[in-house]
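See structure below.
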Amino acid sequence: MEHKFYHNEMYRIMKNRDSSYDGYFFMCNKLTQTYCLISCEATLPKTENVEFVQTYAEADAKGFQPCKLCNPNVFHVKWVDYVDTIEIEVPEEFDFTECLVFLKRSEEECLHKVVQNKLFKLLKFDQKFVLLEISSVNRKMIITFLKGIPTHWMRAQTAKYIWDMFDLDTELAPFYSSLKKDPIMGQLIKDYYGLRLIKINDLFEALCWSILGQQINLRFAYTLKKRFVQAYGEKFTYKDEDYWIFPKANHICEIPIEDLKEMQISTRKAEYIVGVAKKITDGTLNQKQLGFENNYNKMVDQLTSIRGVGKWTADYTIMKCYSINSAFPIADVGIHNALKAILALNQKPSIDEIKVLVKQWTGWESYAAFYLWRSLYD
């Protein structure tokens, strides 16, 4: 509960549209179910219809939607709007080319394309497709809109999507400085400096991808994903090239299990995917609520309570979908193979041996896992 004095003082600041408070707290409008920056020019609701929160993540978790006038959830993103293009300022510890190595690791990838050091990605806002061409010049990512100019709100949300996708909120300098002398991470940091943990911004997509990848090789997992996306996702064609968006949970929850089995998705995996889709659709599982407390152990507990989601799946989902760097899928075969090669072992290290190594990477377990995976496709 807000203290009355706090509420009244914040309301006074809001009435004055004092932009110096933007980002320090946010106003939630109970009538419109939206939230705003303090300087927003939208009509100010009555004080009894206002709730103040300290972060946009809290507003999101409570079910409020970002105002389309002031874009409060993009306040932290370092971007410049040139209407037909936008620029995102990237930190020193960022290498776009290195990130593209990960993004083009499979020819079966269907949710983006990498062509001549450019990334092509399809998004959708307000039932309208937004096709992006993303490149990097002089420590900036340049996002060009290929099919029409989207609204300012869509451009702002695009900036946030790309910012989150490349994990630009995470400061990598502490990771590099704390582990530069580590016998394993030290060399990987040198080899892949600037590599960011490429995120999957949608919880349903992250869970589906991790479920599809359970106990099969990566090539076949990509094949299954492609079949799934092309059967149930949305397509946009530009210059004779097809671009896809991952299927939505509210559509998949109505799909018969037998239809998924026809794609060579196993019965259990089909049941798991439909089960997850139903939980997301009915609100039992909510991406923003799950991540709000930023508590790794609680997130693992909630995810593993879902049928078909074990510890490996939960860890993979957390590291790919949230800004928590404590997740480490310790049973992952790829990690085992990477450590075997790096340490020049005759056999894969045991789980107990890996646990000893992981203790040295505390706080950066997810980046350690990601850099180990990166070493596999040199």
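Keep in mind that what you see is a predicted model, and the values were worked out from it rather than measured.
- Applying side-chain hydrogen bond (donor to acceptor under 3.5 Å, both in side chains) to Asn73 and the options Gln157, Gln65, Lys160 leaves one that passes, Gln157.
- Both Ile335 and Ile351 sit in one connected hydrophobic cluster of ILVMFWY residues. Membership requires side-chain heavy atoms under 4.5 Å apart, directly or through other members.
- A salt bridge is defined here as a Lys NZ or Arg NE, NH1 or NH2 lying under 4.0 Å from an Asp or Glu carboxylate O, and Lys261 with Glu258 meets this definition.
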Set out, in order, the CA-CA distance, both residues' side-chain angles and the distance that settles side chain to side chain contact (heavy atoms under 4.5 Å, CB included) for Ile198 and Cys99, then state yes or no. CA-CA 7 Å; Ile198 308 300; Cys99 292; 3.9 Å; yes

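- Under the 3.5 Å distance criterion, the side-chain polar atoms of Glu365 are matched with a main-chain donor or acceptor of Gly363.
- For the atom pair CG of Leu207 and CD of Gln287, the computed distance is 9.5 Å after rounding to the nearest 0.5 Å.
- The distance between the ring centers of His7 and Phe52 falls below 6.0 angstrom.
- From Asp332, atom CG reaches atom CG of Leu372 across 9.5 Å, with rounding to the nearest 0.5 Å.
- In this structure, Trp153 and Phe125 have perpendicular ring planes: the angle between them is above 60°, well past the 30° mark.
- The local environment of CD in Gln360 is crowded, with over 12 non-hydrogen atoms from other residues, nucleotides or ligands closer than 6.0 Å.
- No cation-pi contact links Lys147 to Tyr238, judged by a cut-off of 6.0 Å to the six-membered ring centre and 45° from its axis.
- Exactly one of Lys104, Lys225, Lys121 qualifies for a salt bridge (charged side-chain N to carboxylate O under 4.0 Å, His left out) with Glu109. That residue is Lys225.
- If you run side-chain contact (heavy atoms from CB on, under 4.5 Å) between Pro91 and each of Arg196, Glu171, Arg139, only Arg196 comes through.
- The shortest distance between side-chain heavy atoms of Phe292 and Glu58 falls below 4.5 Å.
- Between Tyr243 and His112, the ring centre distance reaches or exceeds 6.0 Å.
- To the nearest 0.5 Å, the span separating CD1 on Ile252 from CG on Leu260 amounts to 6.5 Å.
- The number of heavy atoms from other shown groups lying within 6.0 Å of NZ (Lys128) does not exceed 12.
- Using a 4.5 Å heavy-atom cutoff, the side chains of Leu44 and Arg17 are in contact.
- The hydrophobic cluster containing Tyr56 does not contain Leu69, counting ILVMFWY residues as joined when their side-chain heavy atoms lie under 4.5 angstrom apart, directly or transitively.
- Between Thr158 and Trp79, the closest side-chain pair of non-hydrogen atoms is not below 4.5 Å.
- Each of Ser210, Ser326, Pro329 was compared with Asp315 under the side-chain contact (heavy atoms from CB on, under 4.5 Å) criterion, and only Pro329 meets it.
- Here the straight-line distance linking atom CG of Asp81 with atom CG of Asn71 works out to 9.5 Å at 0.5 Å rounding.
- Aromatic ring pairs are classed by plane angle as parallel below 30°, tilted from 30° to 60° and perpendicular above 60°; the pair Phe96 and Phe94 is tilted.
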Output, in order, the C-alpha distance, side-chain angles, deciding distance and verdict of salt bridge (charged side-chain N to carboxylate O under 4.0 Å, His left out) for Lys124 and Glu234. CA-CA 10 Å; Lys124 191 176 185 182; Glu234 293 184 85; 2.5 Å; yes

Hey, mind stepping through Asp242 and Thr237 against side chain to side chain donor-acceptor pair (under 3.5 Å) and telling me if it holds? CA-CA 4 Å; Asp242 293 336; Thr237 303; 2.7 Å; yes

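- Residues Leu195 and Leu172 are not in side-chain contact: their nearest non-hydrogen atoms beyond the backbone lie 4.5 Å or more apart.
- Within a 6.0 Å sphere centred on CZ of Arg268, heavy atoms belonging to other residues, nucleotides or ligands number 12 at most.
- Hydrophobic clustering (side-chain heavy atoms under 4.5 Å, transitive across Ile, Leu, Val, Met, Phe, Trp, Tyr) keeps Ile134 apart from Phe129.
- Comment: Glu98 engages Arg374 in a salt bridge, judged by a side-chain N to carboxylate O separation of less than 4.0 angstrom.
- Between Tyr222 and Trp209, the ring centre distance stays below 6.0 Å.
- A ring-centre distance under 6.0 Å is not found for Tyr232 and Phe246.
- The distance from the CD atom of Glu108 to the CZ atom of Arg227 is 9.0 Å, given to the nearest 0.5 Å.
- Annotation for Ile149: hydrophobic cluster partners, listed by chain and number, are Val83 (ILVMFWY side-chain heavy atoms under 4.5 Å, direct or chained).
- Under the 30°/60° scheme for interplanar angles, the aromatic rings of Phe175 and Tyr367 are found to be tilted.
- Ring geometry for Trp373 versus Phe370: interplanar angle over 60°, hence perpendicular rather than tilted (30 to 60°).
- In this structure, Leu203 CG and Asn286 CG are separated by 8.5 Å, a value rounded to the nearest 0.5 Å.
- For Phe75, there are no ring-ring contact (aromatic ring centres under 6.0 Å, His included) partners two or more places apart in sequence or in a different chain.
- Checked for salt-bridge contact, Arg12 and Asp18 miss the test: no charged N lies under 4.0 Å from a carboxylate O.
- Salt bridge present: Glu241 and Lys113 bring a charged side-chain N and a carboxylate O closer than 4.0 Å.
- Contact check for Ser375 versus Leu188: side-chain heavy atoms found under the 4.5 Å cut-off.
- The hydrophobic clustering, which links ILVMFWY residues whose side-chain heavy atoms are closer than 4.5 Å, places Met185 and Leu197 together.
- A heavy-atom distance below 4.5 Å is found between the side chains of Leu290 and Leu303.
- Between Phe26 and Cys36 there is no side-chain heavy-atom pair separated by less than 4.5 Å.
- The number of heavy-atom neighbours closer than 6.0 Å to NZ of Lys311, taken from other residues, nucleotides and ligands shown, is above 12.
- Using bins of under 30°, 30° to 60° and over 60° for the plane-to-plane angle, the ring pair Trp312/Tyr316 lands in the parallel bin.
- Residues Ile324 and Ser366 have side chains not in contact (no heavy-atom distance under 4.5 Å, counting atoms from C-beta outward).
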Evaluate the salt bridge (charged side-chain N to carboxylate O under 4.0 Å, His left out) criterion for residues Asp126 and Lys68: first the C-alpha distance (whole Å), next the side-chain angles of each, then the deciding distance (0.1 Å), finally the verdict. CA-CA 11 Å; Asp126 281 351; Lys68 292 186 177 182; 2.8 Å; yes

Begin from the C-alpha positions of Ile354 and His336 and carry the test side chain to side chain contact (heavy atoms under 4.5 Å, CB included) through to its verdict. CA-CA 8 Å; Ile354 297 174; His336 299 177; 3.3 Å; yes

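- Annotation: Tyr35 is not in aromatic contact with Phe64 [ring centroid separation under 6.0 Å not met].
- At a threshold of 4.5 Å between side-chain heavy atoms, the hydrophobic network of Ile, Leu, Val, Met, Phe, Trp and Tyr places Leu122 and Ile143 in two separate groups.
- Heavy-atom contacts from other residues, nucleotides or ligands closer than 6.0 Å to OH of Tyr24 number 12 or fewer.
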What's the verdict on side chain to side chain contact (heavy atoms under 4.5 Å, CB included) for Leu119 and Phe166, showing C-alpha distance, side-chain angles and the deciding distance? CA-CA 12 Å; Leu119 173 66; Phe166 286 93; 4.0 Å; yes

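- In Lys30, the NZ atom is crowded: over 12 heavy atoms of neighbouring residues, nucleotides or ligands sit closer than 6.0 Å.
- Contacts of Lys298 classified as salt bridge (Lys or Arg N to Asp or Glu O under 4.0 Å), with partners at least two apart in sequence or in another chain: Glu293.
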